[in-house]
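A quick write-up on the structure given underneath.
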Amino acid sequence: PCFQGLVGNIKANQSSWLAFLDHAEPESAIPGGWRQPDDSAGTSNQILQEALIIKALRPDRLVLVCQRLVENVLGAGFLDLPAFNLAYVVEKDSKASSPIMMVSVPGFDPSGKVTELAQTQGKALTSAAMGSKEGFTIADKAIASCSKSGTWVLLKNVHLAIKWLSELEKKLYSMNPQQNFRLFLTMEFNPRIPANLIRLSRVHVFEPPSGVKASLQRSFTQVLTQEKSDRQPVERCRLHFLLGFLHAVVLERLRYFPVGWSKKYEFSDADQVCGRDVIDSWLDSVTNEGKLSNVSPDKIPWDAIQAILSEAIYGGRVDNEFDHAILKAFIKHLFCEESFNSNFCLNMGQDAEFRLQSPEGRKREQFSAWIDALDAKGNPAWVGLPVHAEQMLRINRANHTLSRWLTLQGSASVVPKAGKAGGSKRGSLTGSNPLDALGTKVKQMLESLPVTLPLMERSTESLKDPLWRCYDREMGVGKSLLEKVRADLDHLKGACEGSVKATNEIRALIQDLNTDAVPKQWKKYAVADITVTEWLADFNLRLQQLQQLQCAESLQRFTLWMGGLFFPEAFLTASRQAVAQMKQVSLEELLLVVEVGANEPDKESFIIKGLHMEGAAWDVSGSAGKLSMTEELTVAIPQTCLRWVKNDSDEYKRTLGFLRVPVYLNTCRSGLVSAFNLRAPNDVPPAVWQQRSVCLTLWTKS
């Protein structure tokens, strides 16, 4: 009811709302006049209403509004964390029988804080790395000994020893340690850590400061120290700086997952240490073990350094061919003879405004000064990504925050029975059945789904058609899943009405629907991280396409929403088999040619729709379309023609110089379906498109 006047207000004040959409801080510029005159909502409810508007129209700013809501309810400064003081934690905020658990993200090791404090206070510290039998033995002996003597024990990477942690929990309850004893446990996030051990411990979470500047400062403090970098030849320092920048880029792109990298690779400081040692080794080999004060850049073995960094040290962690191409593009650009030129740019951005000029210097202190002068906020263009990637990051963070809030609500989030607007007494929770509202929701879900999905007619001729077999399998999967979804919803409807006894399965279903999560038993095909409401709407669209396929005159000429198939990879295989069957050639002889913008298929081609592009747009001007720069997060591209042609044909050979663009199942980039060769402008290097993580997605949340 509080939003009854919102749509009319937007229509009547379009200029104000358009200005709001383009505002840098829209949460402070929401147009007024849409609230009801008798709306007596308090400040917290008004902020919640504004948060819902921001979620719908500018989701990238939602976290900021949520922070304002939390501070309004729980008090200003509630979200401000005090600076971490390990000495205070040890002395005042912990006891001998409670471990100090230090949880960190991959690649960041907080154990140095413990070692440093032990040295400062003169405490005896016994440390062990977990994950092996030797580590378990050392840890058990250290705990038994130090708990009696009152000294400290540091156990590193205990997330690698989940079973041992369960035994540790029992030991802690039976121990009677000396009061000065302290047990430090360092680990990465792991859901299998025993819950009772977490309750028993003092837990502190560590995340390294984000941004290129913070990463470079950390590298120059911990890895690229003065004694390592300020050695002959003087070119060593610049090479170390380039390694530090590469490491910063690699880590910073992890923040932009899944655009920066398609997977959360576990890059760490160990990679940088290995890279530094490799660079030093090759540099010493051409300078007589560092006895020469200078070396000409053209004498440095760039190919060897590039190969080891891209194929072994950093590249050894990367298992996606397109992520590997991104990594190689950065390494090839940074580690080259031109990096010693005065006008060398560290990034390859096309916009001069966001180019990062390499510092001039020969000493470590000169590079450190340049790093200190960098903007702490940084820019996605520094790591090769489009400028709008920051907006995408904020949207993902907002969605993650909302999903966590829903999870925290759990079963308590059942919506109470709706009463009349305006604070009617009937709106009271007293005597209302909390499942009534859920029952209404379930009825709407059932009404939105078809009752059944008929299968395709089977014949001897149809069984010979690869396309028919592909679509028949799709319909079988769709029919089976539809029956499962409807059966679950029918049981849940009965439970809400009181005619069916609630089982554990029904309780789990209630929990999922209350938190808007997709039930596990419905996830029969790969799907992005979406709510159950969005999943049902998408599932319905998939079923509608299957119904249309049954009525299609020609399966080959049907304009297909490829992302709407349960298994789109099977369609590519089936279409290839169909053409091979028609041409009487082997599958290996056929390769794919892609033409964006084609509308009419011939007997050897297939038209697909619903493709979206990230990191670029499609320029339809001119005789042939091509990639173009864009600041949009996602761009829909025209219908696309897929044609299987012989590998020695001129049609295929013309595409060999095109850019190879990955095609992912959805925006999560977890399922690589194929790769299309697409025309790119000649004046933009391929590495620029690779670093922008240009890709096509078959399915995108509308």
Side-chain angles (χ1 to χ4, degrees), residues 442 445-493 505 509 512 518-528 530 532-582 587 601 606-611 642 644 663-666 668 670-674 697-700:
V442 170
M445 290 178 174
L446 283 168
E447 291 171 358
S448 69
L449 293 171
V451 176
T452 187
L453 180 68
L455 298 177
M456 300 179 73
E457 293 185 8
R458 187 176 296 247
S459 66
T460 306
E461 283 301 312
S462 64
L463 287 172
K464 297 178 182 178
D465 185 357
L467 284 177
W468 185 93
R469 295 196 299 268
C470 172
Y471 293 144
D472 182 62
R473 180 195 180 200
E474 288 284 322
M475 291 182 186
V477 173
K479 179 181 176 63
S480 174
L481 184 54
L482 176 62
E483 291 171 351
K484 174 62 177 173
V485 171
R486 289 195 66 92
D488 284 348
L489 292 177
D490 278 329
H491 289 149
L492 184 53
K493 178 185 173 185
E505 186 177 351
L509 197 58
D512 288 332
V518 182
K520 184 178 180 180
Q521 64 269 27
W522 295 2
K523 295 180 179 179
K524 298 299 184 183
Y525 58 94
V527 68
I530 56 178
V532 69
T533 306
E534 294 167 332
W535 184 90
L536 280 169
D538 175 72
F539 181 53
N540 206 7
L541 290 175
R542 293 171 186 262
L543 295 179
Q544 289 176 19
Q545 175 171 253
L546 293 178
Q547 291 171 336
Q548 293 168 4
L549 272 165
Q550 289 182 325
C551 306
E553 294 181 3
S554 168
L555 296 180
Q556 183 260 325
R557 298 183 67 85
F558 182 82
T559 300
L560 180 71
W561 171 35
M562 192 172 167
L565 296 177
F566 299 116
F567 305 101
E569 305 94 329
F571 167 75
L572 286 178
T573 303
S575 61
R576 191 179 192 182
Q577 289 173 339
V579 175
Q581 202 174 83
M582 182 183 64
L587 292 176
F606 308 84
I607 299 294
I608 61 173
K609 63 180 181 180
L611 294 180
L642 306 183
W644 293 98
V663 181
Y664 290 103
L665 184 60
N666 51 49
C668 294
S670 55
L672 180 62
V673 177
S674 182
T697 57
L698 299 179
W699 184 97
T700 299

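Nothing fancy with the numbering, it's 1 onward along the sequence.
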Please test Y471 against Q550 for side-chain contact (heavy atoms from CB on, under 4.5 Å), starting from the C-alpha separation and ending with a verdict.
CA-CA 9 Å; Y471 293 144; Q550 289 182 325; over 6 Å; no
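- Rounded to the nearest 0.5 Å, atoms CG (D472) and CZ (R458) are 4.5 Å apart.
- Inter-residue side-chain proximity for F566 and K524 is flagged as unmet; no heavy-atom pair is nearer than 4.5 Å.
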Using the rule given for side-chain contact (heavy atoms from CB on, under 4.5 Å), can you reason through M582 versus W644, listing the C-alpha separation, both sets of side-chain angles and the distance that settles it, and then say yes or no?
CA-CA 11 Å; M582 182 183 64; W644 293 98; over 6 Å; no
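- Between I608 atom CD1 and L642 atom CG the span is 4.0 Å, to the nearest 0.5 Å.
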List the steps, then state whether salt bridge (charged side-chain N to carboxylate O under 4.0 Å, His left out) holds for R542 with D538.
CA-CA 6 Å; R542 293 171 186 262; D538 175 72; 2.7 Å; yes
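- Between K484 and D488 a salt bridge is recorded (basic side-chain N to carboxylate O distance below 4.0 Å).
- In terms of modelled atom types and a separation under 3.5 Å, the side chain of T697 and the main chain of T700 share no donor-acceptor contact.
- Contact record, L572 with S674: CD1-CB, 3.6 Å, taken as the closest heavy-atom pair.
- Here CE of M562 is found 9.0 Å from CG of L665. Values are rounded to the nearest 0.5 Å.
- The shortest heavy-atom contact between R469 and L463 is NH1-O, 2.7 Å.
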Candidate pair L555 and M456, rule side-chain contact (heavy atoms from CB on, under 4.5 Å), full reasoning
CA-CA 12 Å; L555 296 180; M456 300 179 73; 4.2 Å; yes
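- S448 places a side-chain N or O within donor-acceptor distance of the main-chain N or O of M445, the cut-off being under 3.5 Å.
- A distance of 6.0 Å separates CG in L565 from SG in C470, rounded to the nearest 0.5 Å.
- For the residue pair W522/D512, the side-chain donor-acceptor check at 3.5 Å is not satisfied.
- Looking at heavy atoms from C-beta onward, V532 lies in side-chain contact with P519 at the 4.5 angstrom threshold.
- At least one side-chain heavy atom of P466 sits under 4.5 Å from a side-chain heavy atom of Q581.
- Using bins of under 30°, 30° to 60° and over 60° for the plane-to-plane angle, the ring pair F606/F571 lands in the perpendicular bin.
- Closest approach of W535 and V527 over heavy atoms only: CD1-CG2, 4.0 Å.
- Listed here is the closest heavy atom pair of L611 and L698: CD2-CD2, 3.2 Å.
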Q545 vs L560, test: side-chain contact (heavy atoms from CB on, under 4.5 Å). Steps then yes/no.
CA-CA 8 Å; Q545 175 171 253; L560 180 71; 3.7 Å; yes
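- Rounding to the nearest 0.5 angstrom, the gap separating the OG1 atom in T452 from the CZ atom in R486 is 9.0 Å.
- Put simply, the side chain of M475 reaches to within 4.5 Å of the side chain of L549, judged on heavy atoms.
- Residue Q547 holds its CD atom at 6.5 Å from CG of L543, rounded to the nearest 0.5 Å.
- Residues A580 and L587 come closest through the heavy atom pair CB-CD2, 3.8 Å.
- No donor-acceptor distance shorter than 3.5 angstrom exists from the side chain of R473 to the backbone of F567, with no hydrogens or angles considered.
- Side-chain contact between H491 and E505: absent, with no pair of heavy atoms (C-beta onward) separated by less than 4.5 Å.
- Looking at Y525 and L481, their side chains come closer than 4.5 Å, going by heavy atoms from C-beta outward.
- Nearest heavy-atom pair across W699 and A528 is CZ3-CB, 3.6 Å.
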